[in-house]
Amino acid sequence: MTLAITNTLTGKKEPFKPLGDPVTMYVCGMTPKDRPHLGHAFMFVHMDVIRRYLEYRGYAVRHIQNFTDIDDKIIDRARAAGRDPLDWAREYTEAYFEVMDRLHVRRAHEYPLVTGNIPGIIHDVQELIDGGHAYPTSTGVYFDAATFEDYGALSGRTAEDGAAGARIAVDEEKRDPRDWALWKLDNESSVTWESPWGRGRPGWHIECSTMIRRTLGEQIDIHGGGADLLFPHHENELAQAEAATERHPFVSYWTHTGLVLTDGEKMAHSLGNFTTTADVLTDVPPDVLRLYLLSVHYRSTLQFSPAAIEQTRAGYERLLAVMRAKGESVDGDCNELDVELSAARQAFDAAMDDDFNAPRAIGALFDFGRAINRLSPASSAADVSSAQSVFTSLLGVLGIELHEPDAASDDATPFIDLLVQVRRQLREARQWELADTIRDDLGALDVVLEDTPDGTVWRRG
RNA sequence: GGCGACGUAGCCAAGUGGUAAGGCGGGGGUCUGCAAAACCCCUAUCCUGGGUUCGAUUCCCAGCGUCGCCUCCA
């Protein structure tokens, strides 16, 4: 089987052929101006799954993700709060890690910052000027879009589209409405740097081109980011990179994640309609949220719905139940579980090979879980536990871990055990009403009792 | 206005030119003292109208609806 990845540039699923070893992957990270919302969680979780699956397939992956730690919004917000912009950015960078760690988003190998790449950015801007792709004006340095023949290829927009859609105030000094700032002159803000063109700071798009070049090289395998960055950000990034290096393609596979909608519109900091990831995690376990985010293909739009998360919670319970299955057969030479096991692996791989189809992969795992439950009475303990370990390892490729709600450290445990003991005696005495009352009352306290042939077991509900 | 995406059961959501995964919910059953969990069975003809085809939910056109990008944005 071959892994195929949809490439935004061509709009097609293409067989994955890495440039070399390791596979190079760049993900457009956050501008840490506010706390990460569910849109961020969706994107980073899906990108994490892409990386995990590549590693599962045996590729070594070098994953780089930036932080745009200085930009207009950060400066504005910090100034309004009377704070230092860099300090502001650090605070929300921490907020990012706090929440993504809980969601098991694996850390990138490096997190370059704009503020740590100024010399490289200045070098690259100068190179574009020298190459005839950029020019200085009284407000900064601009990229000359007309000098890059393929401009618009990624987002599928022509020069005419650009002109027609130009709603931004026309800058008389720009040669073309499509041109954008590589360097912004600025003598007022606290965070500026000297440059050959005057004091200022980088434009947004150039940072990614520079960081990719410095950390991964002139051409990379995979570039990820939200669909809202396709234009102009990625279009410009591509133009800057290829104009500077004259190497094509800059990126082999452009992967864009769908956007998260809330009440029918895009969730965004700027719209003020966002639900923070941390907020959701106050009452939704991280693995449940992760399962929810992965229940939609990465390229699709996710319509955020608390009700759907609740449904996912129930689905997660079902996954947990698979781990409670026990092999009961002593002579157990039932090999049906082996058959199911290899079928599950195959279905999982096929789904993920097909453009990282996590929803389908999850479906395959639910099938596998049902098979484990069904076959466990006729299988040996060893076979069941090895099936379960494959089950958890495949879930692990999706970054989903199975955790029973923790009861071990609970002070109430001895008392619950005691009640269960008393109830056992009541049941032996056929005192059903009292026994049921204990069960119901414990249930109201989120302690679930199940009477099995081997006795009563209880767990946190 | 330009460009693009999407519209699948009560809900979430995959997918295919030959009558549609999975999860939640609902109904029935097995098991159980009764439950719970688990297991088994049932629960959709794929927005509308044309067209192409032996045959379309899947391809093409139009319409309706929703969303995104064109400005900062994951």
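Throughout, protein chains are lettered first and strands after them, A, B, ... in sequence-line order, and every chain is numbered starting at 1.
The distance between atom CG of Leu230(A) and atom P of rC69(B), rounded to the nearest whole Å, is 11 Å. As rounded to whole Å, 14 Å separates atom P of rG4(B) from atom CG of Leu154(A). Atom CG of Asn66(A) is separated from atom C1' of rA74(B) by 11 Å (rounded to the nearest Å). Spacing between atom CD of Glu237(A) and atom P of rA74(B) amounts to 13 Å, rounded to whole angstrom units. rG68(B) atom C1' lies 15 Å from atom CE of Met267(A), rounded to whole Å. Note: NZ (Lys266(A)) to P (rC67(B)) measures 14 Å, nearest angstrom. In this structure, the CG atom of Asp71(A) is 14 Å from the C1' atom of rA74(B), given to the nearest Å. Between the CG atom of Leu259(A) and the P atom of rC6(B) there is a distance of 14 Å, rounded to whole Å.
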Using a 4.0 Å heavy-atom cut-off, write out nucleotides 10-15 of chain B from 5' to 3' as B (base contacted by protein), S (sugar-phosphate only) or - (no contact). -BSSSS

Once base and sugar-phosphate atoms are separated, protein heavy atoms under 4.0 Å mark nucleotides 36-43 of chain B, 5' to 3', with B, S and - as BSSSS---

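The residue Gly39(A) sits close to a base: some heavy atom pair falls under 4.0 Å. Across all strands, Arg423(A) comes closer than 4.0 Å to base atoms (heavy-atom distances). Residue-level contact check: Ala314(A) touches the backbone only, with heavy atoms under 4.0 Å from sugar-phosphate atoms and none from bases. Counting non-hydrogen atoms under 4.0 angstrom, Leu229(A) reaches the backbone sugars and phosphates but no base. Note on Val260(A): a base of the nucleic acid sits closer than 4.0 angstrom, heavy atoms only. When heavy atoms are screened at a 4.0 angstrom cut-off, Gly443(A) is found touching no nucleic acid atom at all. Looking at heavy-atom distances under 4.0 Å, Gly224(A) makes no contact with the nucleic acid at all. The residue Asp367(A) sits close only to the backbone: its heavy atoms come under 4.0 Å of sugar-phosphate atoms, none of a base.
Searching all strands for a Watson-Crick or G-U wobble partner of rU52(B) with both distances below 3.5 Å returns nothing. When Watson-Crick and G-U wobble pairs are counted only if both distances are under 3.5 Å, rC31(B) pairs with no nucleotide at all. Look at rC6(B): its Watson-Crick or wobble partner, with both distances under 3.5 angstrom, is rG65(B).
Checked against Arg299(A) for a side chain to side chain donor-acceptor pair (under 3.5 Å), the options Thr255(A), Thr257(A), Thr8(A), Asn357(A) give a single hit: Thr8(A).
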Please tabulate, for the side chains in residues 260-267 of chain A, all donor-acceptor contacts under 3.5 angstrom to protein atoms that are two or more places apart in sequence or on a different chain.
{"from": "Glu265(A)", "atom 1": "OE2", "to": "Asn273(A)", "atom 2": "ND2", "distance (Å)": "3.4"}
{"from": "Lys266(A)", "atom 1": "NZ", "to": "Asp228(A)", "atom 2": "OD2", "distance (Å)": "3.3"}

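The aromatic rings of Tyr92(A) and Trp88(A) sit tilted relative to each other, their planes meeting at an angle between 30° and 60°.
For the pair Arg175(A) and Tyr142(A), the cation-pi criterion (under 6.0 Å, within 45° of the ring axis) is not fulfilled.
Nucleotides rC24(B) and rU48(B) place their P atoms 28 Å apart, quoted to the nearest Å. Between rU53(B) and rA44(B), the distance separating the two C1' atoms is 25 Å to the nearest Å. Distance check on atom C1': rG10(B) versus rC72(B) gives 40 Å, rounded to whole Å.
Ring centers of Trp458(A) and Phe415(A): at least 6.0 Å apart, outside the cut-off.
The existence of a salt bridge linking Arg178(A) and Asp176(A) is confirmed by a sub-4.0 Å separation between a basic side-chain nitrogen and an acidic carboxylate oxygen. No salt bridge links Glu98(A) with Arg102(A); every basic N to acidic carboxylate O contact stays at or beyond 4.0 Å. Electrostatic pairing of Asp72(A) and Arg201(A) counts as a salt bridge here, judged by a charged N lying under 4.0 Å from a carboxylate O.
The distance from atom NE2 of His205(A) to atom CD of Glu207(A), rounded to the nearest 0.5 Å, is 9.5 Å.
An OP1 or OP2 oxygen of rA74(B) is reached within less than 4.0 angstrom by a side-chain nitrogen or oxygen of Lys33(A).
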Ring pair (Phe, Tyr, Trp, His ring centres under 6.0 Å) evaluation trace for Tyr96(A) with Phe44(A): CA-CA 10 Å; Tyr96(A) 167 89; Phe44(A) 293 117; 5.1 Å; yes

Determine, stepwise, if the pair His234(A) / His256(A) fulfils ring pair (Phe, Tyr, Trp, His ring centres under 6.0 Å). CA-CA 10 Å; His234(A) 292 155; His256(A) 288 96; 4.9 Å; yes

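A donor-acceptor contact under 3.5 Å is formed by the side chain of Arg439(A) with the base of rC34(B).
In this structure, Phe44(A) does not pack face-to-face on the six-membered ring of rA74(B), missing the 5.5 Å centre cutoff or the 30° plane limit.
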